[in-house]
Amino acid sequence: MHRVMEPLIPQADAALRTAIEQVLRGIPRRTLADASQSLTERYRGPRTGAALVRSATDAAAYAAARLPATFAAVATTALATAALRPDFAPRTLLDVGAGSGAAAWAAGAVWPTVSELTLLDSDANMLEVGEKLRQADPRDNDGDWRWTRGDLRNAEWEPHDLVIASYALGELDPGPRMAAVQAIWAATRGVLLIVEPGTTAGFEVIRELRDGLIGAGAGLLAPCPHETTCPMSDGDWCHFSARLNRSALHRQVKNAELSYEDEKFSYLAFVRDNAERAAGRVLRHPGRQPKRVELVACSRTGLRRIVVPKSHPDYRLAKKLDWGSAIPDSML
């Protein structure tokens, strides 16, 4: 979504990977790989209500296989949000369904003003790994991280400047999910950021939450340029991508050969006041042809195909746009 990341994001990414290596040192790679494969099979199989993470080994495997991708997705969405709210400087963060804290690491990299963090998850093993990762952070960080075990379906919180729910709400059934997001929104003083997998199922969750929160009066900031009915149809879905480099541990645990992976995600950012949204957003990889750039975009009037010729005043800007980039009015 963004080709150039702010300097703090690569630093936080490197620190998180260093912490993962340190915390998981001593656990055989084969053990982690087997646990990761079992997690993947449970995740893709029928949901029975049983927990996906069932042991300390599962939590360790999740940290090795999934935390870097979760960090990348949340950091990318947070950057897109910060670009629309450059003066937003949150001090308090509520990370709901925090797991082992990848979203909190990402939020701190985008908004270094965050100093009081509450991380809530129902799984003690995930929280324990998260605390160890925090302790292994090689950077000098003075923030106050409070790890709390609890069920996001049955909780109320004090208001926080920034609230994040990443890869969490989609695990709930529709009824409890909507009740949970209403409670999360009630705890949001500034920005609410929701991230789900960039799959058709993940997007249906996002679409449902979008409609519900708009109906409750929340101001939709991103990625949509409007608050009217989502124009996606015919099996299409709105999602974006973050590319991350795989460490040796990451490749081993996932039995992967490529040195990178692309994390696909869908997201929403809501605000308490009037949202000044982008005029449009790129929904696919741009087509860069000789003397023109071709874009598929969502605009205030719906989905559009845009051709920006070399003669257009915004041609140089169009050449820099990527999947997920905001589009100015002058290009629509």
Side-chain angles (χ1 to χ4, degrees), residues 1-3 5-44 52-79 95 97-110 119 121 123 125-139 166-168 195-199 202 239-265:
M1 184 182 286
H2 291 263
R3 291 183 175 184
M5 290 186 176
E6 293 182 358
L8 289 178
I9 293 180
Q11 294 174 15
D13 178 58
L16 177 59
R17 292 167 186 267
T18 297
I20 290 171
E21 290 275 359
Q22 179 174 326
V23 169
L24 303 188
R25 187 177 298 142
I27 304 177
R29 298 299 187 252
R30 184 70 264 165
T31 299
L32 292 172
D34 290 344
S36 176
Q37 179 62 33
S38 296
L39 280 171
T40 299
E41 291 172 357
R42 290 199 290 270
Y43 184 84
R44 293 176 177 172
L52 295 174
V53 174
R54 302 174 183 175
S55 67
T57 300
D58 283 351
Y62 190 93
R66 285 295 305 158
L67 253 64
T70 302
F71 172 92
V74 176
T76 304
T77 61
L79 272 179
D95 186 357
S100 297
W105 285 67
V110 175
L119 298 91
D121 200 87
D123 189 273
N125 290 309
M126 296 286 277
L127 292 173
E128 182 178 356
V129 170
E131 289 189 78
K132 291 179 179 178
L133 291 173
R134 168 65 178 162
Q135 294 166 5
D137 188 344
R139 301 168 299 168
S166 63
Y167 299 87
V195 184
E196 288 293 330
T199 61
H239 66 293
F240 305 96
S241 180
R243 175 160 291 187
L244 61 144
N245 294 322
R246 286 173 170 153
S247 65
L249 171 62
H250 197 173
R251 291 197 302 271
Q252 291 166 358
V253 171
K254 299 192 76 170
N255 292 316
E257 296 182 359
L258 292 177
S259 62
Y260 66 89
E261 71 177 56
D262 293 321
E263 175 67 7
K264 305 292 175 52
F265 60 89

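Bear in mind that the values here come from a model prediction, so they are computed numbers and not experimental data.
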Test of understanding: with salt bridge (Lys or Arg N to Asp or Glu O under 4.0 Å), list the residues that count as partners of R139, not counting sequence neighbours. D137
Are the side chains of W105 and V74 in contact, using a 4.5 Å heavy-atom criterion? no
Take R246 and S259, measure what side-chain contact (heavy atoms from CB on, under 4.5 Å) needs, and give me the verdict at the end. CA-CA 5 Å; R246 286 173 170 153; S259 62; 5.7 Å; no
Any salt bridge (Lys or Arg N to Asp or Glu O under 4.0 Å) pairs touching residues 25-36, not counting sequence neighbours? E21-R29, R30-D34
Are the side chain of D121 and the backbone of G99 linked by a donor-acceptor contact shorter than 3.5 Å? yes
Locate the shortest heavy-atom distance separating A60 from I27; write the atom from each residue and the value. CB-CD1, 3.9 Å
So, S36 side chain and L32 main chain: donor-acceptor pair closer than 3.5 Å or not? no
Could you state the interatomic distance from NZ (K254) to OG1 (T40), rounded to the nearest 0.5 Å? 7.0 Å
Specify the closest pair of heavy atoms between A168 and G97, including all atoms of both residues, with the distance to one decimal. CB-CA, 4.0 Å
Taking it one step at a time, do F240 and T76 satisfy side-chain contact (heavy atoms from CB on, under 4.5 Å)? CA-CA 9 Å; F240 305 96; T76 304; over 6 Å; no
Residues forming a salt bridge (Lys or Arg N to Asp or Glu O under 4.0 Å) with E128, sequence neighbours excluded: K132
Side chain proximity check, I20 to P68, heavy atoms < 4.5 angstrom: yes
Stepwise side-chain contact (heavy atoms from CB on, under 4.5 Å) test for L67 and L133: CA-CA 11 Å; L67 253 64; L133 291 173; 3.4 Å; yes
Give me each pair satisfying salt bridge (Lys or Arg N to Asp or Glu O under 4.0 Å) with a member in residues 66-75, each pair once, sequence neighbours excluded. R66-E263
Close side-chain approach of N125 and D58, heavy atoms under 4.5 Å: no
When rounded to the nearest 0.5 angstrom, what is the spacing between CG in L127 and CD in E131? 7.0 Å
I need the S247 OG to D13 CG distance, nearest 0.5 Å. 9.5 Å
Using the side-chain hydrogen bond (donor to acceptor under 3.5 Å, both in side chains) criterion, which residues pair with Q37? Sequence neighbours excluded. E41
Applying side-chain hydrogen bond (donor to acceptor under 3.5 Å, both in side chains), can you list everything that pairs with R134, at least two apart in sequence or on another chain? none
Side-chain donor or acceptor of H239 paired with backbone N/O of F265 under 3.5 Å: no
Using every non-hydrogen atom in the two residues, find where A109 and L8 come nearest and quote the distance to one decimal. O-CB, 3.3 Å
I would like to know whether V110 and I9 meet side-chain contact (heavy atoms from CB on, under 4.5 Å); could you show each step before the answer? CA-CA 7 Å; V110 175; I9 293 180; 3.7 Å; yes
Least distance between heavy atoms, A61 atom then V253 atom: O-CG1, 4.4 Å
Nearest non-hydrogen partners of A104 and D95, listed with the distance: N-OD2, 3.4 Å
